[in-house]
Structure formats: structure tokens, C-alpha cells
There are 2 protein chains.
Amino acid sequence: MNKTIRKGANSLPINEILAGDCIEVMNALPEESVDLIFADPPYNLQLRGDLHRPDNSKVDAVDDAWDQFDSFKVYDNFTRDWLKAARRILKPNGAIWVIGSYHNVFRLGAELQNQGYWILNDVVWRKSNPMPNFRGKRLTNAHETLIWASKNEAAKYTFNYEALKALNEGIQMRSDWVLPICNGGERLKDDNGDKAHPTQKPESLLHRIVLGTTNPGDVILDPFFGTGTTGAVAKMLGREFIGIEREEKYRKVAEKRIASVRKFDKDALRVSTSKRAEPRVPFGQLVERGMLRPGEELVSMNGRSTAKVRADGTLVSNDVKGSIHQVGAHLEGAPSCNGWTYWTFKRDGKNVPIDVLRQQIRAEMQ
Amino acid sequence: MNKTIRKGANSLPINEILAGDCIEVMNALPEESVDLIFADPPYNLQLRGDLHRPDNSKVDAVDDAWDQFDSFKVYDNFTRDWLKAARRILKPNGAIWVIGSYHNVFRLGAELQNQGYWILNDVVWRKSNPMPNFRGKRLTNAHETLIWASKNEAAKYTFNYEALKALNEGIQMRSDWVLPICNGGERLKDDNGDKAHPTQKPESLLHRIVLGTTNPGDVILDPFFGTGTTGAVAKMLGREFIGIEREEKYRKVAEKRIASVRKFDKDALRVSTSKRAEPRVPFGQLVERGMLRPGEELVSMNGRSTAKVRADGTLVSNDVKGSIHQVGAHLEGAPSCNGWTYWTFKRDGKNVPIDVLRQQIRAEMQ
DNA sequence: TACCGATGTGAATCTACGT
DNA sequence: AACGTAGATTCACATCGGT
């Protein structure tokens with residue numbers, strides 16, 4: 001680390017972690033010299049007070065100084081400057097990936113477009129295990145957004161269509177990626193056993209990006225290197241990397257981490273492809289989709305009970321309200337009940353099990 | 001259709017489709033008068049035709065230079081103007097939903113923030129049956145992005161947490177929604193059998209938005225009404241709507257469509273509510289009513305602590321005095337504590353949560 | 001060993017109301 | 001407007017200790 005850059009030279013500081021402010025460091029690199037940039041900039045979260053879980057434990061929030069900006073204007077200036085510096089060092093056919101949340105991603109996307117970058121896709125990282133919303137005041141923030149853009153509209157960017165299709169079991173890769181957050185053994189810890197970096201990204205995410213949008217030997221630069229996920233995956237997949245990181249503690253962790261990675265050591269990749277046997281289909285979806293109407297009557301399989309569907313996907317039967325399972329269990333005096341096989345609805349004079357509708361939705365989802 | 005708006009009057013043109021440019025029409029509506037705005041703005045503007053450059057110079061339809069930067073400027077001006085008009089007519093505690101793709105959603109989100117709207121969530125509509133990418137040059141564009149924002153940071157927006165949770169079978173609703181695109185019988189056709197509108201949204205999408213972020217009777221305005229999905233769902237779910245649409249052919253289709261919609265009965269529209277909506281019961285009432293006696297001992301749910309009830313409805317435990325919440329929090333060393341679920345009392349040899357007594361009082365209040 | 005329950009934790013713009 | 005108090009609120013995993 002703390003490498004000196006030979007200015008003006010055409011040689012790049014390959015597979016090194018450069019210390020310093022990313023804008024200054026990028027400006028010292030030769031122009032049109034890198035193939036891909038992956039950037040995970042500060043999100044500018046504006047957290048007010050502490051947040052506790054219902055069990056009173058405190059959420060360890062991102063309150064680091066590097067995420068604090070005084071205003072959107074300050075954040076926009078910062079975004080403009082680093083994207084401009086990135087653009088200069090990008091090869092004509094190079095591309096960029098940025099990641100963000102609703103706090104900052106709209107500023108990022110707009111500025112990319114303003115500078116002439118050409119958006120190829122926005123990609124949604126759907127987290128399979130996000131943190132819930134503890135106060136019940138909003139939707140669970142269960143995704144982050146990535147933007148993939150070429151240097152300009154005419155650029156011949158790299159896209160390994162077949163590789164991604166293969167990774168997706170023969171089906172064309174979509175713009176929404178379901179991947180778990182980085183935890184467990186992959187999550188780097190400091191000497192105290194605390195997380196080494198508050199926002200470490202999973203290697204599975206970078207694996208997809210590197211495999212799909214670079215070729216072996218390409219140079220991938222990450223201006224917000226952190227603990228070096230980009231470098232680790234680049235090395236594994238036989239690409240070169242350049243990391244830039246301001247904070248020494250992160251550089252140290254990254255240095256050590258990458259040193260332990262072996263090239264092409266794909267076994268080291270912890271790509272989790274958590275496959276559920278059957279996707280869960282909430283009963284409410286049948287109502288939303290108009291397959292069942294609010295107010296419509298359901299009849300139990302044994303014909304002894306009826307219940308009315310409500311707009312939020314719950315049932316009412318006399319004074320009992322609840323899910324298809326809860327109401328079924330109550331009516332039967334049973335501890336539990338599979339509502340999917342218990343309830344039927346009327347179509348063309350016949351009683352049809354509601355499970356038929358679930359199968360229909362599952363077929364659509366493949 | 002083609003309704004005249006009574007300017008200055010406090011009465012809204014409810015459940016009508018207003019003809020004209022949405023900015024002009026919104027500016028003619030009374031301020032702070034609608035509860036929710038749902039907007040699906042166009043992004044394929046015919047920029048070369050009848051528009052002006054940002055500096056107001058005219059654009060030659062044929063061969064005038066019209067670069068990307070100019071076109072973004074025009075789009076941003078358009079976005080700024082309609083979002084400003086929308087903001088004026090929104091009630092202080094109102095909210096807005098906008099939907100877009102990567103072509104325009106970053107401009108939308110950034111301008112929302114610039115105007116002081118407060119983003120609550122960005123939501124990904126994950127299409128279960130998207131159009132494949134035929135050329136294999138990019139990822140399948142399989143989602144669109146929605147932004148949900150309140151009028152400002154302090155606003156008390158409507159969020160029916162329990163209803164959405166019920167719709168999702170008891171698990172809190174996430175920010176990624178898997179719903180099919182609008183096709184089949186739901187897709188409106190014109191007289192030639194072609195689709196009546198290029199971007200008709202599925203009713204399931206609006207169902208979730210209307211159910212989750214409005215109350216029955218609320219006024220929902222859609223400035224880009226198209227074929228009236230917003231109006232149809234609003235009517236079904238017992239809300240009022242105001243549509244604005246420039247093109248007569250869409251207004252006609254929407255008019256006919258909404259006329260054929262049947263409102264769901266009131267009972268079906270009742271949704272699950274949270275405890276927060278229940279009337280507050282002071283603990284002291286339990287003592288006043290003799291449900292608990294002064295001097296009686298309460299035991300904590302975990303069995304580790306006890307406290308004595310005092311005549312004024314406070315508790316004493318050793319040297320600690322205060323409300324059921326304060327004493328519970330102190331004994332647990334927690335930042336806060338819900339005394340109602342923390343404390344139990346003895347009846348017939350069993351420990352009964354004091355919340356049972358509160359339920360009893362609430363039932364009597366009905 | 002295998003299973004079970006208790007415990008811990010993750011990029012979070014996370015309350016409402018009365019005084 | 002600031003402040004204090006009542007009291008409502010969590011999902012998917014990973015780890016670990018005990019049976």
C-alpha cells in the first residue's frame with residue numbers, strides 16, 4: 001500500500017491498493033486505461049436517532065464520518081467530481097457499475113446521464129435476508145440498485161451473454177438478482193470480532209458483474225475499495241484490479257484478504273444460490289390479481305363452513321378474522337389448518353380448490 | 001369528460017376525468033386538496049416536434065442539432081413543473097407515487113428530493129413475465145421502479161402496515177413486488193384489437209398501493225391517467241379519484257372501463273389494523289375499576305422482577321417508582337419497555353398478562 | 001451425531017401525542 | 001417548538017451450547 005504512481009507513464013499500478021482521496025488518485029492515473037469501474041460510494045444516509053429492535057437491542061448503524069454530507073448540493077458536487085475523474089481513465093469501450101440505495105442512487109443515475117454515460121441496465125439486488133423494518137412504518141428495505149453504463153452511447157461494451165445465461169441455469173439473466181447479504185464466514189471481522197467494514201458487499205454480487213462484463217486480463221478499478229471485495233473477486237477470476245481507499249484500516253484488511261485468495265480458485269467463491277423448492281405465494285396475491293374478488297365467498301372442502309374474502313387477503317367468518325389458515329383452523333377446532341387445501345371457490349357452478357390458483361401463479365413465476 | 005373546473009371553489013371534481021395538460025389542470029385545482037398522487041409520466045417524449053430548448057429557442061424539426069444534454073434539460077423542466085404542480089395540490093400529510101424505468105426514474109427521484117419530497121421507499125416491480133432481450137446484448141429488463149414519497153420529512157403519511165402484512169400472509173411487505181405485467185383479459189384493446197395504451201399498468205400494482213397508502217374515502221389523483229387503472233382500482237376499493245388525460249381516445253376508454261367497475265362492499269374493504277389505532281387505556285383505570293388492587297403484586301413476564309401497585313396507578317419496585325413502562329425499563333436496563341406486555345398479575349394461581357385487562361376495557365368501550 | 005432452542009445481527013433516512 | 005412519556009414493533013440466517 002501507499003504506492004507511488006508514476007505520472008505520465010503508460011504503466012498502471014496493477015493489483016495494488018492505492019492510498020488517498022479517490023478523485024486525486026484517479027486524476028493521477030493515465031487516461032483511457034481501465035476496462036471497468038465498480039463503485040460503491042457513500043450513500044449519504046440521513047439517520048436521525050438510534051434505532052432499537054423490538055427486543056430492545058440497538059441496531060449498529062452506519063454513522064461513519066465518510067457517509068456524512070451537509071446537503072444534496074455537497075453530495076452532488078462530490079458525485080460529479082468522482083464520476084468525471086472515473087470517466088477520464090475509462091477506456092473508450094469501458095463500462096462502469098455503481099451501487100446505491102434510494103438515498104443516493106437517483107443522484108448517481110442522473111449525473112451519469114448528464115456526463116454522457118449511457119445506461120445499459122439498472123439492476124436490482126434483491127436481498128434474500130434483509131433487515132426488517134422494526135417500527136412497521138415503511139416497507140422492508142429489501143433491495144439495493146446497481147446501474148451499469150458504458151462510457152457513451154456508441155461504446156462497444158463487454159457483455160458475456162452466454163456466461164451469465166449459464167450461471168442462470170440456461171435462462172437469460174434478468175435485471176433482478178436474488179442474493180444474500182454478506183454475513184457468516186464471508187463477513188470480515190476486526191481484532192475485536194466486530195465487522196471490519198459496515199457495508200461489505202457479497203462476493204456473489206461482484207462475481208456476476210466481473211464474469212458478465214469483463215474479460216480475463218481486464219483491469220477493474222474500484223475507487224471506494226473498502227475491504228476489497230472487488231479485488232478479491234477480480235483475482236479469483238483472473239482479472240487485474242486497482243483499488244483506491246482512503247482509510248488505512250480498510251486497506252490493511254483488504255491487503256491481507258486478497259493475499260489469501262488464489263487465482264482461479266473458484267472453490268473459494270461462496271456463491272450462494274439458495275433455491276427454495278417452491279416459491280411462497282401469499283394468498284393476498286390472488287386478491288390483488290383479481291383471481292378472487294373482495295367480498296367473494298369461499299366454501300370449505302367439507303362444505304360445512306363459508307368465509308368472505310377481504311381486500312387485504314384475510315378472511316371473515318362470523319366473528320372470526322384472519323388468514324386462510326387461521327380461519328380454517330378455528331372453524332375446524334384444529335390447532336392448524338392448510339388453508340390452501342381447505343378452501344374452495346365457485347366457478348361455473350363448481351367448487352374449485354383455491355390451490356389451483358396458487359399453481360397458476362407458480363407456473364407464471366416458473 | 002371535458003369537465004369545467006370551478007376555480008377558487010373548495011369543491012373538487014371528484015371521480016371525473018379532466019381533459020387537458022396535467023400541469024394546467026392541476027394548477028386550476030385548489031391547493032392541499034388530494035391525499036395521494038399516482039403518476040406514470042411519459043419518458044418517450046416527442047422532443048423534436050413541438051418543444052423548445054431550455055433557452056426557449058425553437059427546435060428545427062428536421063436537422064437542427066439536438067444533443068442528449070438538451071433533451072435531458074427539456075425532460076427535467078417538464079418533470080420539475082408537473083412535480084411542482086402536484087406538490088401544491090397535495091395535502092400536508094399526502095404522499096406521491098411515481099413509476100419509471102432507468103430511462104427516466106433517476107431524473108424523477110432526484111427532482112422529488114430537490115423539491116423537498118421525502119422518499120419513504122423505492123419499490124421494485126419485478127415482472128414475472130417480462131419481454132426477453134432478443135439481441136442478447138443486455139440483461140432482460142425485468143423490472144420497473146416506483147418511488148413512494150411524502151410531501152416533506154415531517155409529514156404523517158398513511159401506511160396500512162397490518163393490511164399489507166396480511167396481504168403477504170403475515171410477513172411484513174418488502175420493497176420488491178413480484179407481479180405479472182398487464183396482459184390477457186385485463187389488457188384493454190381498441191376497435192382494431194390492438195392494445196389501447198402502450199403502457200397500461202396492472203391493477204394488482206395499484207391495488208397494493210391504494211390499499212397500503214390510502215384510507216377509504218381518500219382522494220387519489222393521477223395526472224397521466226391513460227386508460228384509468230388508477231381510477232378503476234380506486235373505485236373498487238372505495239376511494240375517490242381524479243384523472244387527468246390529454247388524449248381523448250384514452251379518456252374514452254377509461255370512462256367506459258371505470259363505469260363497468262363495481263365497488264366492493266364495505267365489509268370486504270375493512271382491513272387489518274394495528275394496535276396503534278386502538279384507544280389508549282391508562283393503567284390507572286385498572287386500579288380505579290378495582291381490576292387490580294393497590295398493594296397487589298405484579299410479576300414480570302420473565303419472572304425475574306416484582307413490583308407493587310399503588311393507588312395512583314404507578315408501581316414501586318425497591319427504590320424505583322413510576323409508570324408500568326418506566327419501572328419495567330429500569331428493571332431490565334432497557335431504553336424502553338412496554339409495561340402492558342411486561343407485567344403479569346396472579347389469578348387462580350396463574351400469571352396473567354395485565355394486557356388482558358386492557359383488552360377487557362377496550363371491549364367494553366365498543 | 002443430529003436436533004433444538006436461545007441468542008445475535010444486517011447500508012435504516014423507522015412514533016404519536018400531550019404539554 | 002421542544003420535550004417528556006406512553007407504548008408499539010422483526011425476518012432470515014448464523015452461531016453456539018445443551019440434550
Side-chain angles (χ1 to χ4, degrees), chain A residues 40-64 66-69 72 99-105 125 127-145 178 180-187 189 193-195 197-202 224 226 272 274 276 280, chain B residues 113 117-122 149-150 152-154 156-157 159 161-162 165 168 170-175 273-278 280-284 313-314 322-326 328-329 334-343 354-355 358:
Chain A
D40 181 11
Y43 285 10
N44 188 26
L45 300 184
Q46 295 163 55
L47 306 176
R48 300 306 185 221
D50 288 345
L51 178 65
H52 292 90
R53 299 185 180 79
D55 66 2
N56 275 325
S57 63
K58 192 175 163 217
V59 174
D60 183 15
V62 180
D63 54 2
D64 307 71
W66 50 255
D67 199 48
Q68 309 295 323
F69 295 83
F72 279 131
I99 181 167
S101 65
Y102 67 82
H103 311 84
N104 70 326
V105 78
W125 168 27
K127 302 179 184 182
S128 56
N129 50 349
M131 184 158 74
N133 185 296
F134 296 116
R135 312 304 291 266
K137 298 307 293 180
R138 300 184 179 192
L139 302 164
T140 307
N141 204 346
H143 75 275
E144 292 188 28
T145 302
V178 180
I181 60 173
C182 180
N183 60 8
E186 188 187 335
R187 190 78 192 225
K189 302 293 194 313
D194 300 322
K195 53 191 176 191
H197 192 282
T199 71
Q200 187 184 340
K201 295 292 175 289
F224 306 97
S272 316
S274 60
R276 267 186 229 105
R280 197 175 63 89
Chain B
Q113 292 179 313
Y117 288 99
W118 191 248
I119 298 182
L120 300 166
N121 278 114
D122 60 335
S150 61
N152 55 59
E153 185 178 355
K156 288 176 188 148
Y157 54 92
F159 182 54
Y161 174 75
E162 292 293 342
K165 191 172 169 180
N168 197 31
I171 294 165
Q172 73 178 197
M173 187 70 78
R174 301 168 37 120
S175 59
T273 54
S274 76
K275 274 194 200 164
R276 271 189 269 255
E278 308 260 324
R280 204 171 74 83
V281 177
F283 176 73
T314 56
S323 71
I324 51 172
H325 315 293
Q326 288 167 332
S336 71
C337 170
N338 185 344
W340 290 107
T341 54
Y342 180 73
W343 295 108
I354 59 172
D355 204 30
R358 182 170 65 160

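Here is how names work: the chains are called A, B, and so on, in the same order as the sequence lines, proteins then strands, and each is numbered from 1.
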Candidate nucleotides C:dA11, D:dA8, D:dC13, ranked by approach to the side chain of A:I181 - the nearest: C:dA11

Side chain of A:L47 (C-beta onward), nearest among C:dT15, D:dT9, C:dT13: C:dT13

Out of C:dA16, D:dT9, C:dA11, whichever nucleotide has its closest atom nearest the side chain of B:S274: D:dT9

ring centroid sep under 5.5 Å plus plane angle under 30, A:F134 with C:dC14: no

Presence of donor-acceptor pair under 3.5 Å, side chain of A:K201 and base of C:dA11: yes

Base C:dT13 paired with A:R138 side chain (donor-acceptor, <3.5 Å): yes

Partner nucleotide of C:dC14 by Watson-Crick or wobble geometry (both distances under 3.5 Å): none

Contact under 4.0 Å: A:R280 side-chain N or O vs D:dA12 OP1/OP2: no

Nearest-nucleotide pick for B:Q172, side chain only, options being D:dA8, D:dC11, D:dA6: D:dC11

Side chain B:S336 and base D:dA6 donor-acceptor under 3.5 Å: no

Short side-chain N/O contact from A:R135 to OP1 or OP2 of D:dA8, under 4.0 Å: no

Sugar-phosphate only, base, or nothing, as touched by A:S101 at under 4.0 Å among non-hydrogen atoms: nothing

N or O in side chain of A:K195 less than 4.0 angstrom from C:dG10 OP1/OP2: yes

Non-hydrogen atoms of A:T199 and A:V62 that approach each other most closely: CG2-CG2, 4.1 Å

Side-chain N or O of A:N141 closer than 4.0 Å to phosphate OP1/OP2 of C:dA11: no

Interatomic distance where CG belongs to A:L45 and C1' belongs to C:dA12 [whole Å]: 7 Å

Nearest to side-chain heavy atoms of A:M131, which nucleotide of C:dT13, C:dC14, D:dA8: C:dC14

DNA chain C: 5'-proximal contact among A:K189 and A:P132 (nearest heavy atom): A:K189

Partner nucleotide of D:dT9 by Watson-Crick or wobble geometry (both distances under 3.5 Å): none

A:R53, nearest nucleotide to its side chain (from C:dA11, C:dT9, D:dC11): C:dT9

Candidate nucleotides C:dA11, D:dA6, D:dT10, ranked by approach to the side chain of B:Y161 - the nearest: D:dT10

Among C:dA12, C:dC14, C:dA11, the nucleotide that comes nearest once only the side chain of A:Y43 is considered: C:dA11

Syn/anti label of C:dT13 as read from its glycosidic torsion, with the cut at 90° from 0: syn

